[in-house]
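Chain identifiers are assigned alphabetically (A, B, ...) following the order of the sequence lines, protein sequences preceding nucleic acid strands; residue numbering begins at 1 within each chain. Keep in mind that the numbers below use all heavy atoms, side chains included, and drop hydrogens, waters and symmetry copies.
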Amino acid sequence: MDIFTSLNPAQREAVMATEGPLLLLAGAGSGKTRVLVNRIAYMVYNGVRPFNILAITFTNKAAREMKERIGKLLGEGGDVWASTFHSMCVRILRRDIEKIGYDGKFTIYDTEDVAKLMKQILKERNVNDKLLPAQTVLGVIGRKKDMLITPQMYINDAGSDFREQQLAELYDAYQKRLRANNALDFDDLIFQTVELFRKKPEVLDRYQNRFLYISVDEYQDTNYCQYQLVKLLSAKHGNICVVGDDDQSIYGWRGADIRNILDFEKDFPGARTIRLEQNYRSTSTILDAANAVIKNNRRRKGKTLWTENLAGTPIMYHTARTDIEEAAFVVGEIKEKKAEGAAYRDFSVLYRMNAQSRLIEDHLVRESVPYRVVGGVRFYERREVKDVLAYLKAINNPLDDISLRRILNVPRRGIGEETENRISAYAMEMEVPFYDAMESCGEIGGLPYNGKRVKEFANLMEGLTAYAAEKPVAEVIQEVLKQTDYVNELHSTEHDKDVAKDRAGNVLELLAKAEEFEKQAEKENTSASLAAFLEEVALVADIDNYAEGHDAVVLMTVHSAKGLEFNTVFLAGFEEHVFPTSRSIFDTSETGLEEERRLCYVAITRARERLFITNARSRRLFHETAYNQPSRFLKEIPVNLVETVGTETRNSEFPRFSPLAGNMRLLQKAHTMPAPKTGPPAYVEGDSVLQKKYGKGKVLAIKPAGADYEVTVEFPGIGQKKFMAHLSNLEKTNGDD
DNA sequence: CTAGGATCATCAATT
DNA sequence: ATGATCCTAG
């Protein structure tokens, strides 16, 4: 079989080790996807039915690609079940979740839905959301779910600690509400699947008998709950292959447990471990840099990637004066290389946070460089898209209060907060769903026009629901738009015409996606139901739609870039407090910083041939100008691999870029600046001042800036920060302690 | 009661 | 840029 000819010995060994537990430690660029694909092809070649193979991937995109590649190798393979944890669990739950008390048409709540639900709960229980923000509670609940801790278990564990008790009760209330709404959050998808398997062994049995060979990619990013799921599924036959790289574990903050990979051999007795340490992707320069950085982490299995590739060009390091000039440098380099014959698609710009993309986008636009941004505000999270989706969700699942209440007054139909509160109170008192309360709103006192508008809304929903029962998704959307006149409302309520156009465009795009979905479903002979559409929509990641085909520069966070590679990578904002983030720096334990370092390792290893690292001496960060030191990780890269470019001379060239768009923006900004409320600040140079975020600092300089004053303050242990006097509420204090 | 405007605080990474 | 909150005018 030709699959062997191009594999190295370790890869070949991994391909043939199909029986029993296998830990595949695959370094960046070591050809692990190829091994996984070939391994599955090898099984099928040896008589395993594709139907019996499960491949869990990290993104839908990876799943799709895996299927394609298996198909190419075998001419079949369509029956291999390749999907993400979340998609897989939804499929399992749709079929059997009623066995544990949900309805099969459950709704999936996204982050925003869930935040709204929690805010409602806090309000109802009179919990001060300043002291206990919804996000905090949800974070705690998420971690409990990752650990497979139920509300009841948490209540029992809470002991006498008031805060713990309160959190446990909120978790309980939250979970009950989800159930009443027939909704699951993202964590529930996995959690409830494990619950289902534990409570209904016959269901587990069915899947154990079906999935005789299981592989899990990006195993270092699984959490405890996912680990248990995998363990349950493979318990009978033990043919479980996990692939990962502990050095690329970057999702600790969302519950990924690095122990899963560190302890695999313990958890799955008899496991074999195979290491893939030869890198085929990057130049030795890039690889040496990555190795040098990651070896500073204490908590790792330890491995060193090597390559036969040539050294290539040095890593280019550039410090710009400002973040604006940094962006100009990046775009300038891209244009230069493009002129020398490179394609735009050869370049990616990676950054630590989405907010950094703005400046770079501005410059790309200005210089007419085609680009794509992955991540940021996602399509399905836009307000107008979510509004339309809320109609669909409410139609699909009338118990979904969150969606129903979202559209109760969207578009405006004269149903305000007070009315909503009264219906909600009635619903709670009578212990009926919100929808039912709406229908019997005649019995609720105090509603304007005796609840006429509410009644009308209920009728609208009823009509739409009946319509949806017999029409395909796209037509339902059209009907919703028609009946609500949503697009016109958009134009009349939105003042900014461009924004309104944009939003209307997004609504149409949603419609187009629905049509596409129907076509796809017909082709693949899968369900085109409303529920299926909503499910797809809930689980797509932005990266899933990233097609390499377009010739465009691609911008994304380092997190999104995991698993991808580019000829040339720009790593922008390589500064303390940005990368690594402030939070990780101030974290007393090393874990946060080690995760940042792994993230840095991921970033570096995305590059095949060229790596640019850039930073800026000053940067607008949130609402201040920050003066950050270069990232500490820079010092960990051996100097002989790095060439510093253009730091001074280039700066003088920067103002030359075509000025119009940018200056217009600056002008507009300047005009919208509010006039200062006061004269000179109440402190002078040398005074001690208090700033609410950074605490006490010393004023180094005060200088006039337009109508206001720019104040430079030195904070011990943090560094210098600049503020606009009237915006910053700096308070003069005495200089003690 | 509701709509609409103004003001203010907030802001990592994602399925 | 967005949401929460407060105010004013119908």
Side-chain angles (χ1 to χ4, degrees), chain A residues 56-62 83-90 108-112 114-116 119 123 129-130 133-135 139 142 145-146 184-190 218 221-223 225-226 249-256 350-356 358 374-378 380-383 409 411-422 446-449 451 453 492-496 499 535-544 556-562 573 577-584 592 595-596 598-599 602-603 620-624 674 692-693 727 729:
Chain A
I56 298 173
T57 57
F58 201 69
T59 63
N60 294 301
K61 179 170 177 269
S83 76
T84 64
F85 269 108
H86 290 90
S87 306
M88 172 183 82
C89 288
V90 172
I108 300 165
Y109 277 172
D110 69 14
T111 336
E112 191 191 343
V114 142
K116 280 194 173 151
K119 279 175 193 164
K123 207 168 183 183
D129 62 355
K130 292 271 182 322
Q135 285 306 337
K145 286 186 179 175
D146 288 345
L184 303 190
D185 65 19
F186 284 130
D187 297 322
D188 269 341
L189 295 177
I190 322 280
E218 308 287 5
D221 287 321
T222 52
N223 59 35
C225 186
Q226 291 165 328
S249 164
I250 56 176
Y251 283 99
W253 51 274
R254 73 173 199 207
L350 306 185
Y351 35 78
R352 182 63 181 79
M353 14 176 209
N354 283 309
Q356 290 172 255
R358 280 295 297 274
V374 175
V377 189
R378 287 194 297 251
Y380 291 112
E381 279 166 13
R382 286 167 208 240
R383 178 161 49 83
N409 197 31
R412 302 246 177 264
R413 46 175 76 93
I415 304 176
E417 199 190 342
E418 200 48 40
T419 302
E420 185 185 340
N421 287 341
R422 282 185 196 190
L447 298 184
Y449 306 98
R453 291 161 170 174
S492 57
T493 42
E494 188 68 61
H495 263 204
D496 188 328
V499 175
E535 175 181 315
E536 162 144 327
V537 159
L539 297 178
V540 287
D542 210 45
I543 194 82
D544 294 334
M556 65 180 95
T557 62
V558 182
H559 280 94
S560 296
K562 190 175 75 156
H577 302 279
V578 176
F579 197 175
T581 59
S582 297
R583 282 180 88 141
S584 65
E595 182 151 316
E596 294 289 307
R598 291 192 293 268
L599 198 53
V602 169
R620 293 288 301 172
L621 208 52
F622 305 124
H623 281 144
E624 306 145 8
K692 64 178 174 213
K693 192 160 137 206
L727 285 174
N729 295 325

Visitor: Atom CZ of Arg358(A) to atom P of dA1(C): distance rounded to whole Å?
Guide: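 Spelled out: CZ on Arg358(A) to P on dA1(C) is 5 Å.
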
Visitor: Base, sugar-phosphate or nothing for Tyr251(A)? Non-hydrogen atoms, less than 4.0 Å.
Guide: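 Contact class for Tyr251(A): sugar-phosphate only.
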
Visitor: Can you list everything that forms a salt bridge (Lys or Arg N to Asp or Glu O under 4.0 Å) with Glu218(A)? Sequence neighbours excluded, please.
Guide: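 By the salt bridge (Lys or Arg N to Asp or Glu O under 4.0 Å) rule, Glu218(A) matches Lys32(A), Lys562(A).
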
Visitor: Could you check which of dA13(B), dT15(B), dT2(B) has an atom nearest any side-chain atom of Thr111(A)?
Guide: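 Of all the options, the side chain of Thr111(A) is nearest to dT15(B).
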
Visitor: Please name all residues satisfying side chain to side chain contact (heavy atoms under 4.5 Å, CB included) with Asp544(A), sequence neighbours left out, ordered by chain then number.
Guide: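 Per chain and number, Asp544(A) pairs via side chain to side chain contact (heavy atoms under 4.5 Å, CB included) with Thr59(A), Asn60(A), Lys61(A), Val540(A), Ala541(A).
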
Visitor: If each of Ile415(A) and Glu596(A) is mapped to the nucleotide of DNA chain B with the nearest heavy atom, which maps nearer the 5' terminus, i.e. the 5' end?
Guide: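 Here Ile415(A) is the residue nearer the 5' end.
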
Visitor: Pick the closest DNA chain B nucleotide for Gly375(A) and for Gly416(A) by heavy atoms, then say which residue is nearer the 5' end.
Guide: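 That would be Gly416(A).
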
Visitor: Could you check which of dT14(B), dT15(B), dA12(B) has an atom nearest any side-chain atom of Thr84(A)?
Guide: dT15(B)

Visitor: How long is the line joining CG of Leu350(A) and C1' of dA13(B), in whole Å?
Guide: 13 Å

Visitor: Would you say a side-chain N or O of Asn409(A) is under 4.0 Å from OP1 or OP2 of dT2(B)?
Guide: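 Checking Asn409(A) against dT2(B): no side-chain N or O falls below 4.0 Å of OP1 or OP2.
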
Visitor: Would you mind reading off the distance between Arg383(A) atom CZ and dG3(C) atom C1', rounded to a whole angstrom?
Guide: 11 Å

Visitor: Have a look at Ser87(A) and say if it touches a base, only the backbone sugar-phosphate, or nothing, with a 4.0 Å heavy-atom cut-off.
Guide: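 Nothing: the residue Ser87(A), judged by heavy atoms under 4.0 Å, touches no strand.
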
Visitor: Nearest-Å distance, CH2 (Trp253(A)) to C1' (dA13(B))?
Guide: 4 Å

Visitor: Taking the side chain from Glu595(A) and the backbone from Gly592(A), do they hold a donor-acceptor pair closer than 3.5 Å?
Guide: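 Side chain of Glu595(A) to backbone of Gly592(A), a donor-acceptor pair under 3.5 Å: no, none is there.
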
Visitor: If pairs are Watson-Crick or G-U with both distances under 3.5 Å, what is the dot-bracket string of DNA chain B, marking crossing pairs with [ ] and pairs to another strand with |?
Guide: ||||||||||.....

Visitor: Applying a 4.0 Å non-hydrogen cut-off, can you work out what Asp187(A) is touching in the nucleic acid: base, sugar-phosphate, or nothing?
Guide: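 No contact.
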
Visitor: Report yes if some heavy atom in the side chain of Lys145(A) is under 4.5 Å from a heavy atom in the side chain of Asp185(A); otherwise report no.
Guide: yes

Visitor: Which residues satisfy the ring pair (Phe, Tyr, Trp, His ring centres under 6.0 Å) test with Tyr251(A), sequence neighbours excluded?
Guide: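 Partners of Tyr251(A) under the ring pair (Phe, Tyr, Trp, His ring centres under 6.0 Å) test: Phe58(A), Trp253(A), His559(A).
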
Visitor: Starting at CE of Met88(A) and ending at C1' of dT15(B), how long is that distance when rounded to a whole Å?
Guide: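 It is 13 Å, rounded to the nearest whole Å.
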
Visitor: Taking NZ from Lys116(A) and P from dG3(C), how many angstroms apart are they, rounded to a whole number?
Guide: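 In whole Å, dG3(C) P lies 8 Å from Lys116(A) NZ.
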
Visitor: When all nucleic acid strands are considered with a 4.0 Å heavy-atom cut-off, which category describes Thr581(A): base, sugar-phosphate, or nothing?
Guide: base

Visitor: Would you mind reporting whether Ile108(A) and Val90(A) have side-chain heavy atoms less than 4.5 Å apart?
Guide: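 Yes, at least one pair of side-chain atoms sits under 4.5 Å.
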
Visitor: If we take the C1' atom in both dA4(C) and dA12(B), what is their distance in whole Å?
Guide: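 About 22 Å, rounded to a whole number of Å.
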
Visitor: Are OP1 or OP2 of dT14(B) and a side-chain N or O of Thr557(A) less than 4.0 angstrom apart?
Guide: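 Result: yes.
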
Visitor: Does Arg352(A) get its side chain close enough to the base of dA13(B), under 3.5 Å, for a donor-acceptor pair?
Guide: yes

Visitor: Could you tell me whether Asp110(A) contacts a base, only the sugar-phosphate backbone, or nothing, with contacts defined as non-hydrogen atoms closer than 4.0 Å?
Guide: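 Counting heavy atoms under 4.0 Å across all strands, no contact is made by Asp110(A).
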
Visitor: Among all residues two or more places apart in sequence or in another chain, which pass the side chain to side chain contact (heavy atoms under 4.5 Å, CB included) test with Asp110(A)?
Guide: Glu112(A), Asp113(A), Phe186(A), Lys386(A)

Visitor: Is there a side-chain contact between Thr419(A) and the phosphate of dT2(B), meaning an N or O under 4.0 Å from OP1 or OP2?
Guide: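 So the side chain of Thr419(A) is within the cut-off, an N or O lying under 4.0 Å from OP1 or OP2 of dT2(B).
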
Visitor: Could you go over nucleotides 4-10 of chain C and give all protein N or O partners under 3.5 Å, atom names and distances?
Guide:
from: dA4(C); atom 1: OP1; to: Lys119(A); atom 2: NZ; distance (Å): 3.1

Visitor: If the condition is ring pair (Phe, Tyr, Trp, His ring centres under 6.0 Å), which residues does Tyr351(A) pass it with, not counting sequence neighbours?
Guide: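 Ring pair (Phe, Tyr, Trp, His ring centres under 6.0 Å) check on Tyr351(A) returns nothing, list empty.
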
Visitor: Respond yes when some side-chain nitrogen or oxygen of Arg583(A) is under 4.0 Å from OP1 or OP2 of dA13(B), and no when none is.
Guide: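 No, no such contact exists.
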
Visitor: Who pairs with Arg383(A) by salt bridge (Lys or Arg N to Asp or Glu O under 4.0 Å), at least two apart in sequence or on another chain?
Guide: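 So Arg383(A) forms a salt bridge (Lys or Arg N to Asp or Glu O under 4.0 Å) with Glu494(A).
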
Visitor: Does a side-chain N or O of Asn60(A) approach OP1 or OP2 of dT15(B) to a distance below 4.0 Å, or not?
Guide: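 For Asn60(A), the contact criterion (side-chain N or O under 4.0 Å from OP1 or OP2 of dT15(B)) is not met.
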
Visitor: Kindly write out the residues that satisfy side chain to side chain contact (heavy atoms under 4.5 Å, CB included) with Ser492(A), not counting sequence neighbours, or none if the list is empty.
Guide: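 With sequence neighbours excluded, Ser492(A) shows a side chain to side chain contact (heavy atoms under 4.5 Å, CB included) to Glu489(A), given in chain and number order.
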
Visitor: Between dA3(B), dA13(B), dT15(B), which nucleotide has the shortest distance from any of its atoms to the side chain of Arg378(A)?
Guide: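 It is dT15(B).
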
Visitor: Kindly compute the distance separating CD1 (Ile543(A)) from CE (Met556(A)), expressed to the nearest 0.5 Å.
Guide: 4.5 Å

Visitor: Rounded to whole Å, how long is the line connecting atom CD of Gln135(A) with atom P of dC11(B)?
Guide: 10 Å

Visitor: To the nearest Å, give me how far apart CD (Glu420(A)) and P (dA3(B)) are.
Guide: 12 Å

